[in-house]
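Shown next, in structure tokens, is the structure this report addresses.
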Amino acid sequence: MKKYDPQAVEVRWQSFWEEEGYFEVTEDKTRKKYYLLEMFPYPSGKIHMGHVRNYAIGDVVARYKWMRGFNVLHPMGWDAFGMPAENAAIENNTHPAKWTYENIDYMRAQLQRMGFSYDWDRELATCRPEYYRWEQLVFLKMFNEGLAYRKKTYVNWCGLCQTVLANEQVVDGCCWRHLDQEVVLKEMDSWFLKITDYAKELLEYCDKLPGWPEKVLTMQRNWIGESHGAIIRFPVIDSDHVIEVFTTRQDTVFGATFLCFAPEHPLVHELTEGSDRAKEVAEFVERTLKVEAFLRTADFTVKEGVFTGRYCLNPATEEEIPIYVANFVLYEYGTGAIMAVPTHDQRDFEFAKKYGLSLRVVIKPEDRDLTEEEMAEAYVDEGVLVNSGQFNGTRNMEALDKIADYLESKGMGHKTVNFRLKDWGISRQRYWGAPIPILYCAKCGVGPVPEDQLPVLLPLDLDLKEGGRSPLPHEASFYETKCPHCGGPATRETDTMDTFVESSWYFDRFTSPRYENGPFDTEKIAYWMPVDQYIGGIEHAIMHLLYSRFYTKVLRDMGYLEVDEPFTNLLTQGMVCKETFRCRQHGYLFPEEVKEGRCMQCGKGIETGSSVKMSKSTKNIVDPQKLIDRYGADTVRMFCLFASPPERDLEWSDEGVEGAWRFLNRVWRLVTENREHLSNAKPYDGILPLSPDLKDIHRKTHQTIKKVTDDIEDRFHFNTAISAIMELLNKINQFLNNSAEISEVAWSAIKEAVDTMVILLHPVVPHITDELWEMLGHPQGLTTVSWPTYREEALEEESRLVVIQVNGKVRSRMEIPVSLAEKEIQDQALRDKRVQSFIGDKEVKRVIVVQKKLVNVVV
RNA sequence: GCGAGAGUGGCGGAACUGGCAGACGCACUGGACUUAGGAUCCAGCCCGCAUUGUCGGAUAGGGGUUCGACUCCCCUCUCUCGCACCA
């Protein structure tokens, strides 16, 4: 008998699938399409367990859909632009391109070794000009339609590196390369995509995505953050300026006793310039902008501000009120200025108390009065208006509309809808990205690169500058060009695009990855899109998915696409986690640096930390390659799928892998030890009478088909699907161990069970099952075998164990025929001796009968 | 801080629609087979017990709804993810 040798088995079937071209697909209008996509990886070096899990989940679904007869598109590619390539280039003195392409080659081989069913002919890498040229084209179209525009923004700047820092490169307000160098905010021109134009539609369609997890939709809704309110105009005293504020509480406008600017607001400088307050205000602004926005607006942060020395007119009361700059006001939200109503907003209240500003109650509870002097906190509940002129006595919820209308009639405001969502800043001052195809001409201004000059190639013969700076602004051969209008000298934009742009449309390109006449082949994209099932990490719940949705709508409006949404169904998988090891002296340790609970360098005992997401920084990583080498791909796949349901975090366990390995060996032995009988037997026809034992196996076989199908189809719970198959295996083994002699009809029933088990396992562990299927005497290749269906009559049971409760506590059980009527069940339960003893002489108030499950006697 | 989730034995998890809490697996314990076992097979395995029982308790903690709550509602705690230039 052959021993299970996963390496040999897996290589054999991988070449078989490749030679047969199993997973190469074309548009076939006679078959139902199924587009399955997993989030493509960043080529960071080698695959990690997160990839393995993501792609194992996807592969089960893909193979399952193949077996159900779908025409399955299952592509793979590389999100290949990005900062890690630049960091690696500096560290290893190499080129980002070289590093990236080498990683791609290595990781492709690893994915192939995992046996994933990808159509490799469609592979794409976003760093190739054949890819990003179309991104540049779409950018130009967006520019022409006003969807891409330029505006000033603030970026993190390290004076020593002379470069812009990403948020993750800022450590405690300092540069990650220079931990004593404070990061400053620098104003800079940046390109933005007008996602806010689509805010309303993005929000509305959250209700039209039933295949998405509700939690993701909720997060997206909150991120878009629609709020209804009003713009109110406050004229500045001794000035032509009018300050616009956005508020959702226009009902409190009579209580607005001061006004606050966000530190970034351009009027701050303008209104204070040349005054004696200019210096103090400027210092406050500078100090405040160093603190991250979410920190400085946090509830626990002390509300701080500075008086500008200027006043404006409250349009409702016509009183002069002071203008402040405050740390808790966000420039990005609303208009970047607020009217402050200290009596009815807690932040405003704290601010007013700190700076001795006046308060005026304008809403009071119906049952009592409120006085400014006695208030210890803002009154934020509903109530009735007071001190509000003609609106006194109106309920505040009704006043919202009335006051908005009143302000509008006076030309001092209007109702509006505001979104929390900001436009998408896509400019990156980086080298390893797609160039933004824009030209600057001294005479003609900002303009697009003519379409026939695309792509704007990213030159690959450049090296990063000191501190990781992009070489593009320093390379005349790149940025020097001619203006297409006047023929005079022009310069190119040297910023590159956010890599989220590439990942916002790669799924479209997969439908026609080699198409040369445009971004997409219209017919192919129409056949395949939308993606039927998208699978990826929960960490992408907001940004990547929202950007992709936005981009889809833009492409639709440009006429490239017919769909409104890119992903019909979404599965967000959890993280792969593992405990951390830490040595007092040597910090975090890799698992292989620990021996018997001690650091291998110094021999000191180590601290075991709680289980967190596997990452290089905490060194709690397991290299999938080592597991593949030791156990084979099938075992690794099996473990990932069995250990927890996909949407939950997966707790890593070396022993668990061992368990998966043992299970596959049990399956292997069952087939190889009984190969003669099994390959000669005829599968059970469902008609010949069976002994109770065999009937049990027959029933279990069909129950397992139902269970596994439901688990995969309805909720992707592969862990319970696999445990059901384990139960079937246990049942078969039990029968074989307990039977001295096995009849022909018995072998038929066993054959049916074993065949079924092998088929059901195929999507999870495709290699071993293809091998066993062949041994069982079938023609090669399970991918083309139909998924089994269960027979309803095979599931039927004659009797059922029903629980009897008295007052909700289980007191007895009875085996009753399933056909028994409710009345009969009730009578039989009440006759039960144990039940009788618990009822005693108490009165039976109620009897609840739940068919096939339980009887509850209430006394 | 804000937004969103999660919390069940020693561990991963199961219980899908409110109906037997702990399926399946791991670890552990005992036994069988064996020259040997990190193989295999069999059995046990939530906690408690001065009533070993078809007993009592137990699903982060507290309260509520219900004949009945891991499941629904309220409060608290802990952990995870996201927070717009990481991917």
Side-chain angles (χ1 to χ4, degrees), chain A residues 39 41-42 44 79 81-84 153 155-156 164-170 190 213-216 218-223 225 292-301 332 421-430 498-500 503 537-544 546-547 572 574-575 577 610-613 639 642-645 647-660 662-663 665-666 669 710-711 714-715 717 719-720 722-727 730 733 737 801-813 834 845-848 850 853-859:
Chain A
M39 290 179 186
Y42 178 79
S44 52
D79 188 12
F81 273 137
M83 218 170 42
T153 184
V155 293
N156 302 311
V164 176
L165 299 177
N167 285 344
E168 72 156 15
Q169 296 174 317
V170 179
S190 284
E214 199 49 49
K215 63 172 171 178
V216 174
T218 308
M219 282 192 265
Q220 295 223 341
R221 283 188 194 106
N222 291 341
W223 185 261
E292 278 177 276
F294 86 84
L295 203 64
R296 71 170 213 253
T297 57
D299 271 1
F300 61 81
T301 305
E332 307 280 0
L421 182 69
K422 301 186 288 198
D423 276 339
W424 175 13
I426 58 152
S427 288
R428 299 290 181 273
Q429 297 68 37
R430 301 244 160 71
D498 179 7
T499 57
F500 269 128
S503 56
I538 182 67
E539 69 273 21
H540 293 294
I542 296 177
M543 300 183 66
H544 161 62
L546 194 65
Y547 291 148
T572 50
M575 308 287 158
C577 301
S610 62
S611 185
V612 293
K613 178 186 174 179
F639 171 73
F642 180 62
S644 69
E647 70 273 14
R648 280 255 277 258
D649 285 351
L650 186 151
E651 200 67 38
W652 185 260
S653 151
D654 291 330
E655 293 81 15
V657 181
E658 194 72 35
R662 279 207 291 269
F663 169 72
N665 273 283
R666 280 205 293 280
R669 279 197 306 276
D710 290 350
D711 279 349
D714 299 345
R715 38 176 218 166
H717 277 205
N719 57 332
T720 49
I722 292 169
S723 72
I725 298 172
M726 286 174 168
E727 287 180 40
N730 291 347
N733 274 335
N737 290 341
L801 192 68
V802 166
V803 165
I804 313 174
Q805 298 179 330
V806 178
N807 281 350
K809 278 197 190 301
V810 180
R811 295 305 182 188
S812 185
R813 293 178 170 82
R834 274 195 51 83
K845 282 191 188 153
R846 245 175 106 182
V847 180
I848 291 142
V850 182
K853 282 201 173 130
L854 63 68
V855 179
N856 189 12
V857 181
V858 185
V859 297

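Chain identifiers are assigned alphabetically (A, B, ...) following the order of the sequence lines, protein sequences preceding nucleic acid strands; residue numbering begins at 1 within each chain. Keep in mind that what you see is a predicted model, and the values were worked out from it rather than measured.
- Residues A:Leu165 and A:Arg430 come closest through the heavy atom pair C-NH2, 4.3 Å.
- For B:rG12, the OP1/OP2 oxygens have no side-chain nitrogen or oxygen of A:Asn719 closer than 4.0 Å.
- The main-chain N or O of A:Arg811 is found under 3.5 Å from a side-chain atom of A:Arg834 such that the two form a donor-acceptor pair.
- Between A:Asn222 and B:rA4, a side-chain N or O to OP1/OP2 separation shorter than 4.0 Å is present.
- RNA chain B is contacted by both A:Ile538 and A:Thr218; A:Thr218 maps to the nucleotide lying nearer its 5′ end (nearest heavy atom per residue).
- Closest approach to the A:Lys613 side chain among B:rC20, B:rC81, B:rC83 is made by B:rC81 (side chain taken as heavy atoms from C-beta onward).
- Look at A:Asn730 and you'll find a side-chain N or O under 4.0 angstrom from OP1 or OP2 of B:rG25.
- Candidate nucleotides B:rC85, B:rC24, B:rA84 were compared by shortest atom distance to the side chain of A:Glu727, and B:rC24 ranks first.
- For B:rG68, neither phosphate oxygen OP1 nor OP2 lies less than 4.0 angstrom from any side-chain nitrogen or oxygen of A:Arg811.
- Ring geometry for A:Tyr547 versus A:Trp424: interplanar angle under 30°, hence parallel rather than tilted (30 to 60°).
- Set against B:rC20, B:rC24, B:rA4, the side chain of A:Met219 has B:rA4 as its closest nucleotide.
- To the nearest angstrom, C1' of B:rG18 lies 12 Å from CD1 of A:Ile848.
- Applying the 90° criterion around 0 to the glycosidic angle, B:rG7 comes out anti.
- Taking every side-chain heavy atom of A:Leu854 into account, B:rG19 is the closest of B:rU80, B:rC67, B:rG19.
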Applying the Watson-Crick and G-U criteria (both distances under 3.5 angstrom) with [ ] for crossing and | for other-strand pairs, one obtains for RNA chain B (((((((..(((......[....))).(((((.......))))).((((...).)))..(((((..]....))))))))))))....
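- Closest-nucleotide positions on RNA chain B for A:Val216 and A:Val858 were compared, and the one nearer the 5' end corresponds to A:Val216.
- Residue A:Arg834 has no polar side-chain atom (N or O) positioned under 4.0 Å from OP1 or OP2 of B:rU54.
- Of the listed nucleotides (B:rG57, B:rC85, B:rG19), B:rG57 has the atom at the smallest distance from the side chain of A:Lys809.
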Nucleotide N/O to protein N/O under 3.5 Å, stretch nucleotides 27-34 of chain B:
residue	atom	partner	partner atom	Å
B:rA27	OP2	A:Arg662	NH2	3.0

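- In the set B:rA4, B:rC83, B:rC16, B:rC16 carries the atom at the smallest distance from any side-chain atom of A:Arg715.
- On the P atoms, B:rG10 is 27 Å away from B:rG64, given to the nearest whole Å.
- Here the side chain of A:Arg648 is nearest to one of B:rA14, B:rG19, B:rC81, namely B:rA14.
- Across the C1' atoms, B:rA14 and B:rG3 are found 31 Å apart, a figure rounded to whole Å.
- The gap from the C1' atom of B:rG18 to that of B:rA27 amounts to 34 Å, rounded to the nearest Å.
- Here the nucleotide nearest the side chain of A:Lys853, chosen from B:rG12, B:rA14, B:rG19, is B:rG19.
- The C1' atoms of B:rA43 and B:rG5 are separated by 41 Å, rounded to the nearest whole Å.
- Of the listed nucleotides (B:rA84, B:rC86, B:rG25), B:rA84 has the atom at the smallest distance from the side chain of A:Lys422.
- Contact annotation: A:Ser644 side-chain N/O to B:rG12 OP1/OP2 distance is not under 4.0 Å.
- Under the 3.5 Å distance criterion, the side-chain polar atoms of A:Asn856 are matched with a main-chain donor or acceptor of A:Gly808.
- Of the candidate nucleotides B:rA23, B:rC20, B:rA87, B:rA87 has the atom nearest to the side chain of A:Thr499.
- Rounded to a whole angstrom, the distance from the P atom of B:rC77 to that of B:rG12 is 24 Å.
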